[in-house]
Amino acid sequence: MLDTERHVVSTCCVPACRSNYDQESEKVSVFSFPKDPNLQSKWIKAICREDFIITKNSKVCKLHFRDVDIETTVNMWDEKTGKKVTAPLSYPKLAADAIPVFVPGCPSYLSSTSTSATSRESPEARRNRLENDFLRKTISENVESYAQYKNKVSVETFEDLKFKIDNFKVPDKWIIMKHEKRVNFLLICNPQNPKLQCSVGINEDLSVFVFVENVKLTSIGNLRLPEYIKDMNVIDKLLSDINQRISEREDSGMSEDKLVILLMDEIHLKENFYYKWGYIVGNAFNDEKLAKSAHVFMISSLMSPYKEVVHILPVNKMTGEVLHTFLKNIVIGLHNIGFEVLGVVSDNHSINRKAISYFSNSPEVKIVYPNPADENKPLYFVIDTVHILKNVRNNWLNKRNQDFKYPNFSNMEISETASFEALKEMHASESTSLLKYGFNLSLKTLYPSNLERQNVKLAVNIFNSSISIALKELGPRKHFKNWEGTANCIEIISRWWDIVNVKTPLKGQRLRNIQTDNLEERFGKYRQLAGSQYHVSVRQIFESEAKLRIQAVMPLALTSHNFGRKCECNVADILANCMVDKDDLDEISDTM
């Protein structure tokens with residue numbers, strides 16, 4: 001680019017040119033001579049002034065240049081929108097290689113329309129010019145083609161939608177129905193016995209709603225509903241996404257996933273307001289007060305690993321009547337979208353029992369009720385075995401003197417006492433020992449905090465057959481408090497836990513436990529029905545209001561494999577040089 005014209009209007013130095021000499025005449029833009037010496041000599045030759053000396057006031061007016069050599073606007077591309085933006089220049093500019101060509105009174109060979117006064121266009125310049133011409137033509141055609149495409153797919157009004165829908169090609173199995181104030185896309189399955197599987201509607205204000213088997217959806221993937229249609233491509237993508245999701249469900253055997261149990265649990269929350277995704281959350285669903293807890297409802301398939309949270313209810317205070325209403329609506333809602341709820345699993349809280357009891361005409365706690373979605377089918381009520389185990393341990397800790405009385409099942413007229421103090425005494429007696437009988441006991445197990453009381457592993461550490469054996473071995477010698485009754489109580493609960501805590505047919509063989517061997521057929525489904533595997537973290541409560549996916553926990557085999565890779569050791573190598581004889585055993589104390 002050459003220098004722009006100045007504010008002060010100068011006269012033109014071209015011979016016989018009177019630009020800007022007369023006060024009354026229209027002022028003309030003028031340009032300074034270029035700084036490049038070669039280009040200066042071309043300008044001097046072009047204006048027919050052989051011995052002309054250039055000064056800062058030497059100017060040539062725009063009348064001596066071609067229009068294509070004068071730039072009056074500047075073009076830029078907006079990186080965000082990709083659109084070309086044009087703005088006018090305050091002062092005109094000359095192209096970098098511009099040379100005066102219109103000089104009155106000069107010989108024709110000195111006054112030419114060619115951009116070069118001395119030579120023809122070089123091959124490189126010609127190639128660049130042709131490439132630029134082709135690029136400009138291609139861009140122009142693409143812009144025109146894009147404009148035609150946008151005009152074809154864009155939707156401005158409802159009438160525009162109805163007009164363009166005639167040429168719209170819908171995916172397979174979809175049909176179009178046009179009404180005066182609505183356009184519907186219907187997905188029909190089983191042509192021999194037609195059934196409406198999905199309905200997508202567009203209202204007069206171009207808002208979209210979606211129904212799947214009589215249930216209105218609030219989102220599909222990343223698309224939040226209602227969405228407003230501005231492009232026919234949005235409709236095509238929406239219908240294709242629905243087709244894909246239905247196909248994936250059919251391919252993955254979703255019909256097996258539809259036989260489910262409904263698990264509900266209460267999670268205590270920190271009473272705070274949170275601002276997330278443009279919303280303030282933290283208050284109860286029916287109250288302005290802060291939510292103290294959240295009731296989480298999750299379905300778990302009986303025939304596959306499928307699990308999903310279906311509802312989260314933040315509450316400040318819950319009653320059995322309110323919980324029953326929500327529980328009933330969830331069971332019926334799941335039935336309406338194709339799921340069959342076989343049973344409800346919860347802990348033994350009084351509110352849960354009261355909510356379940358309302359499923360019978362005269363409220364009472366039973367193990368089976370009429371299913372509210374279909375009274376001809378049963379709805380089972382099962383207490384969660386994990387909660388039972390933790391509650392037994394917690395009630396034992398809460399007892400005065402931590403003594404727990406239970407019947408002698410061989411003679412029901414006799415009661416026995418289990419003392420938690422016996423476990424503490426055994427742990428204290430072995431605190432300095434390297435080898436321990438009660439190796440599962442720890443301070444965290446014996447003195448759990450309120451939060452640690454929710455950890456089922458700490459409860460299993462107490463109700464373990466090894467603890468019962470340890471008490472029977474050390475109790476007579478150390479005289480622990482009620483050691484025999486404590487050992488018998490732990491043995492009974494440990495045996496019950498081994499029976500209900502079965503998931504795989506080979507668990508008994510793997511653990512060498514006769515109580516769990518070959519019990520999958522009898523107790524495996526009960527364990528899954530009892531919900532002993534479901535865990536919902538507090539973090540998930542503060543996710544979006546949409547449904548949450550809960551990923552399956554890493555299989556134990558995989559975890560063990562990874563752990564083994566990090567901690568490889570060969571016991572035979574370690575014990576190769578270790579020799580123990582009878583004299584060594586005689587020197588060991590009784591506790592060892």
Side-chain angles (χ1 to χ4, degrees), residues 213-215 258-268 284-287 289 291-302 308-392 394-395 398 405-407 409 412 493 496 499-500 522-523 525-532 534 536:
E213 297 182 0
N214 299 324
V215 177
K258 292 185 177 181
L259 184 62
V260 300
I261 53 175
L262 179 63
L263 308 103
M264 64 177 181
D265 196 8
E266 181 183 14
I267 297 177
H268 296 282
F285 79 100
N286 60 348
D287 200 331
K289 297 180 180 179
K292 295 181 178 179
S293 62
H295 287 260
V296 181
F297 301 84
M298 188 178 79
I299 56 175
S300 177
S301 173
L302 287 172
E308 185 173 356
V309 171
V310 295
H311 193 66
I312 296 175
L313 186 67
V315 296
N316 181 271
K317 184 178 181 181
M318 177 58 77
T319 63
E321 293 81 358
V322 174
L323 182 58
H324 170 75
T325 301
F326 274 93
L327 189 59
K328 180 179 179 181
N329 291 339
I330 290 173
V331 173
I332 296 175
L334 290 170
H335 176 79
N336 290 338
I337 60 175
F339 288 96
E340 182 178 349
V341 180
L342 184 62
V344 177
V345 177
S346 74
D347 58 21
N348 198 31
H349 197 280
S350 59
I351 293 179
N352 295 338
R353 296 199 308 270
K354 188 174 183 180
I356 291 292
S357 69
Y358 286 122
F359 281 113
S360 62
N361 294 330
S362 55
E364 59 177 322
V365 178
K366 300 186 295 185
I367 63 173
V368 61
Y369 298 89
N371 196 310
D374 185 352
E375 293 186 355
N376 296 322
K377 295 182 178 180
L379 180 69
Y380 295 96
F381 175 51
V382 182
I383 302 298
D384 185 358
T385 55
V386 172
H387 283 84
I388 292 177
L389 184 70
K390 291 190 295 185
N391 286 342
V392 170
N394 293 341
N395 289 336
N398 294 334
K405 292 188 178 295
Y406 65 96
F409 293 99
M412 300 298 289
I493 297 177
W496 165 79
I499 293 174
V500 300
R522 181 177 179 186
F523 294 105
K525 296 304 180 200
Y526 170 77
R527 180 183 186 275
Q528 190 172 12
L529 187 67
S532 56
Y534 86 95
V536 181

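Worth saying up front: this structure is predicted, and the values here are computed from it rather than measured.
- Ile351 meets the side-chain contact (heavy atoms from CB on, under 4.5 Å) test with Met318, Leu323, His349; sequence neighbours excluded.
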Q.
Run the side chain to side chain contact (heavy atoms under 4.5 Å, CB included) test on Leu327 and Phe359 for me, step by step, so that the C-alpha distance in whole Å, both residues' side-chain angles and the decisive distance to 0.1 Å come before the verdict.
A. CA-CA 10 Å; Leu327 189 59; Phe359 281 113; 3.7 Å; yes
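- Minimum interatomic distance between Ile312 and Ala294 (heavy atoms only, all atoms of both residues): CG2-CB, 4.3 Å.
- With hydrogens and angles disregarded, a donor-acceptor distance shorter than 3.5 Å links the side chain of Asn395 to the backbone of Asn391.
- Taking 4.5 Å as the limit, some side-chain heavy atom of Asn352 sits within range of a side-chain heavy atom of Met264.
- Nearest approach of Pro314 to Ala291, heavy atoms of both residues: CB-CB, 3.8 Å.
- Closest heavy-atom contact between Leu263 and Ser300: CD1-CB, 3.5 Å.
- Across Pro378 and Val368, no two heavy atoms sit closer than the pair CB-CG2, 3.6 Å.
- Taking OG of Ser346 as the reference point, atom CG of Asp384 lies at 8.0 Å (rounded to 0.5 Å).
- Considering only residues two or more places apart in sequence or on other chains, Phe285 meets the ring pair (Phe, Tyr, Trp, His ring centres under 6.0 Å) condition with Phe326.
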- Would you sort out whether Ile356 and Val365 count as a side chain to side chain contact (heavy atoms under 4.5 Å, CB included), showing the intermediate values? CA-CA 7 Å; Ile356 291 292; Val365 178; 5.8 Å; no
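- For Asn329, the side-chain contact (heavy atoms from CB on, under 4.5 Å) test picks out Thr325, with sequence neighbours left out.
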Open item on the list: Run Val345 and Val382 through side chain to side chain contact (heavy atoms under 4.5 Å, CB included) and show every step you take.
Closed with: CA-CA 5 Å; Val345 177; Val382 182; 4.3 Å; yes
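- Sorted by first and then second residue, the side-chain hydrogen bond (donor to acceptor under 3.5 Å, both in side chains) pairs involving residues 360-378 (not counting sequence neighbours) form an empty list.
- Looking at every heavy atom in both residues, Trp496 comes nearest to Thr385 through CH2-O, 3.8 Å.
- Atom CG of Leu262 is separated from atom CE of Met298 by 9.5 Å, given to the nearest 0.5 angstrom.
- Side-chain contact between Asn348 and Ile388: absent, with no pair of heavy atoms (C-beta onward) separated by less than 4.5 Å.
- Applying the salt bridge (charged side-chain N to carboxylate O under 4.0 Å, His left out) definition to pairs two or more places apart or across chains, those involving residues 317-334 are Glu321-Lys354.
- For the pair Ser301 and Val260, the tightest heavy-atom approach, listed with the atom from each and the gap, is CA-CG1, 3.9 Å.
- With sequence neighbours excluded, the residues satisfying side chain to side chain donor-acceptor pair (under 3.5 Å) with Ser293 are Glu266.
- For the atom pair CG of Asn394 and CG of Leu389, the computed distance is 9.5 Å after rounding to the nearest 0.5 Å.
- When the shell of 6.0 Å around CD1 of Ile367 is examined, it contains 12 or fewer heavy atoms from other residues, nucleotides or ligands.
- With sequence neighbours left out, the ring pair (Phe, Tyr, Trp, His ring centres under 6.0 Å) criterion links Tyr358 to His324.
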Could you walk me through whether Ile330 and Ile299 satisfy the side chain to side chain contact (heavy atoms under 4.5 Å, CB included) test, starting with their C-alpha distance in whole Å, then the side-chain angles of each, then the deciding distance to 0.1 Å, before giving a yes or no?
CA-CA 10 Å; Ile330 290 173; Ile299 56 175; over 6 Å; no
